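Following: one structure in structure tokens, then a few remarks.
Quantities reported herein were computed from a predicted structural model and do not represent experimental measurements.
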Amino acid sequence: MGDFILTFRLFLICVLLLTIPCFVAGEEKAADLGLLSIDVQPSAAPGSPVFGSVTAVNYGQMISMSRKVTFYLSPDEEITPADYELGSVQFSFLRPGETAHRELLATVPDTIPPGEYIAGAILGPGFSLTPDPRPENDVISQGTVTIGKTYTRPQEWFNEKIAEIILDLSNDERALRDLPSLTRDTALDVIALEHSKDMAQRGFFDHTNPDGEDPADRADRHHYDQSRTLPDGTSFYGIGENIVKIPVEKNVYGFGEIRNDDPYEIAQVAIESFMDSPPHKEALLLPAHEKIGIGVAFDGEYYYATQNFF
């Protein structure tokens with residue numbers, strides 16, 4: 001009778017506290033969140049915007065609960081809560097083995113002196129019935145951030161960060177449809193970046209540039225082999241291309257005001273624009289495409305993003 005009452009009480013606790021993993025003593029299953037990487041823009045200033053991202057993984061055998069990750073700038077390699085705090089993000093309900101990314105757009109503290117700092121993050125304690133199996137994975141540092149007296153946006157870093165996020169979001173769209181991921185191709189990157197820069201510098205927006213070159217012409221000029229045999233045995237020549245022009249600091253229909261200092265938001269607008277356009281969506285989701293090149297440029301008012309596919 002006593003065992004029955006104890007078992008019933010354990011069951012009742014599980015029912016009432018649905019958000020808490022339930023297990024019996026001695027069971028060695030637990031969630032185990034750890035930080036894999038952190039990336040923060042390379043330069044900023046007191047009071048300026050700062051963008052960063054962090055990746056976490058659940059090494060454990062149970063779904064994780066909610067845990068906060070706080071970003072810091074530290075004058076040395078040791079990242080502690082006493083350092084300059086930038087802001088925080090949340091990771092919740094990661095399945096065993098699942099990896100997730102979170103982005104942060106914050107403001108640099110006004111009190112930070114100019115100098116070189118280490119970017120870092122700390123995974124805070126969560127609400128769990130078990131201790132963290134490996135707390136050594138809860139702190140990460142990577143790269144330096146230069147804090148100057150005045151702020152100049154690190155534009156080249158922003159452009160490449162937007163391109164990286166466009167790649168991730170493109171493959172997310174393909175994964176939703178059970179399509180293989182696209183592999184980023186450095187040779188296609190060159191072609192795509194050249195076209196984005198050309199549109200930004202010469203003030204046009206088209207697949208054909210003012211010299212009459214289309215995507216295949218540009219690929220030929222860069223000696224890119226455009227010949228391939230498709231799975232059905234047919235021959236194909238050429239590359240695919242998507243382009244988008246995104247204004248910043250303006251209210252854009254369907255998107256609201258797009259912030260210049262948020263690479264994730266700009267990349268997200270690019271992908272949503274492609275997915276809302278049937279020909280661009282078809283190019284992005286074409287099963288035969290295996291490689292992608294991405295190039296982003298900024299003219300002070302608009303971002304230009306080009307995707308080339310092969």
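Nearest heavy-atom pair, S66 versus S92, reported as atom, atom and distance to 0.1 Å: OG-OG, 3.0 Å. Residue L123 comes nearest to L35 through the heavy atom pair N-CD1, 4.0 Å, listed as atom of the first residue, atom of the second, then distance. Heavy-atom minimum distance, A219 versus I239: CB-CD1, 3.9 Å. L285 approaches L179 most closely through the heavy-atom pair O-CD1, 3.2 Å.
Put simply, the side chain of L188 does not reach to within 4.5 Å of the side chain of F309, judged on heavy atoms. Inter-residue side-chain proximity for I118 and D76 is flagged as unmet; no heavy-atom pair is nearer than 4.5 Å. Between Y151 and V108 there is no side-chain heavy-atom pair separated by less than 4.5 Å. Taking the side chain as every heavy atom from C-beta outward, H195 and E241 approach each other to under 4.5 Å. At a threshold of 4.5 Å between non-hydrogen side-chain atoms, the residues V89 and V54 count as touching. Side-chain contact between R95 and N58 is absent, with no heavy-atom pair separated by less than 4.5 Å. Residues L94 and I63 form no side-chain contact, since every pair of their non-hydrogen atoms from C-beta on lies 4.5 Å or further apart. Here the side chains of L169 and I165 are in contact, with some heavy-atom distance below 4.5 Å.
To the nearest 0.5 angstrom, H289 atom NE2 is 9.0 Å from E282 atom CD. Note: D261 CG to T107 OG1 = 9.5 Å, rounded to the nearest 0.5 Å. Going from atom OG1 of T208 over to atom CD of E213 covers 9.5 Å, rounded to the nearest 0.5 Å. Here CG of D39 is found 12.0 Å from CG of L104. Values are rounded to the nearest 0.5 Å. For the atom pair CZ (F91) and CZ (R67), the distance works out to 11.0 Å, reported to the nearest 0.5 Å.
E160 has a carboxylate O that lies under 4.0 Å from a charged side-chain N of R184, or vice versa, which qualifies the two as a salt bridge. Salt bridge annotation for E103-K161: absent, with no cationic side-chain nitrogen under 4.0 angstrom from a carboxylate oxygen.
Proximity of a side-chain donor or acceptor of R218 to a complementary backbone N or O of I191 within less than 3.5 Å is not detected. Although no hydrogens or angles enter the test, the distance criterion places a donor-acceptor pair under 3.5 Å between the side chain of S196 and the main chain of T306. At distances below 3.5 Å, not a single donor-acceptor pair connects side-chain atoms of H222 with backbone N or O atoms of A187. Under a 3.5 Å cut-off, the side chain of R177 and the backbone N or O of E173 do form a donor-acceptor pair. Remark: the backbone N or O of H280 is paired with a side-chain donor or acceptor of N242 at under 3.5 angstrom. Remark: the backbone N or O of W157 is not paired with any side-chain donor or acceptor of Q41 at under 3.5 angstrom. Looking only at distances, a side-chain donor or acceptor of D214 sits under 3.5 Å from a matching main-chain atom of D217. Judged by distance alone, with hydrogens and angles left aside, the side-chain atoms of Q142 form a donor-acceptor pair with the main-chain N or O of I38 at under 3.5 Å. At distances below 3.5 Å, not a single donor-acceptor pair connects side-chain atoms of D276 with backbone N or O atoms of S273. A donor-acceptor pair under 3.5 Å is formed between the side chain of E265 and the backbone N or O of R259.
Residue-environment remark: CD (Q155) exceeds the threshold of 12 foreign heavy atoms within 6.0 Å.
V190 and I292 are assigned to two separate hydrophobic clusters, defined by single-linkage of ILVMFWY side chains at heavy-atom distances under 4.5 Å. Clustering ILVMFWY residues whenever any of their side-chain heavy atoms sit less than 4.5 angstrom apart, transitively, puts Y117 in the very cluster that holds I140.
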Report task. Take Q90 and R102, measure what side-chain contact (heavy atoms from CB on, under 4.5 Å) needs, and give me the verdict at the end. Result -> CA-CA 8 Å; Q90 292 282 140; R102 297 290 183 270; 5.8 Å; no
Report task. Go through the steps for R174 and S181 under the test side-chain contact (heavy atoms from CB on, under 4.5 Å), then give the verdict. Result -> CA-CA 7 Å; R174 291 177 67 90; S181 295; 6.0 Å; no
Ignoring hydrogens and angles, write down the donor-acceptor pairs under 3.5 Å from the side chains of residues 42-51, residues two or more places apart or on other chains.
residue : atom : partner : partner atom : Å
S48     : OG   : A45     : N            : 3.0
S48     : OG   : A45     : O            : 2.9

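Listed by chain and number, the residues in a ring-ring contact (aromatic ring centres under 6.0 Å, His included) with Y224 are F310 (sequence neighbours excluded).
No hydrogens or angles considered: a donor-acceptor pair under 3.5 Å links the side chains of H101 and T55.
Taking the ring axis of Y302 as reference, the NZ or CZ atom of K245 stays within 45° of it and closer than 6.0 Å to the ring centre. Figure legend: R134 and Y59 shown as a cation-pi pair, the cationic atom lying under 6.0 angstrom from the six-membered ring centre and within 45 degrees of its axis.
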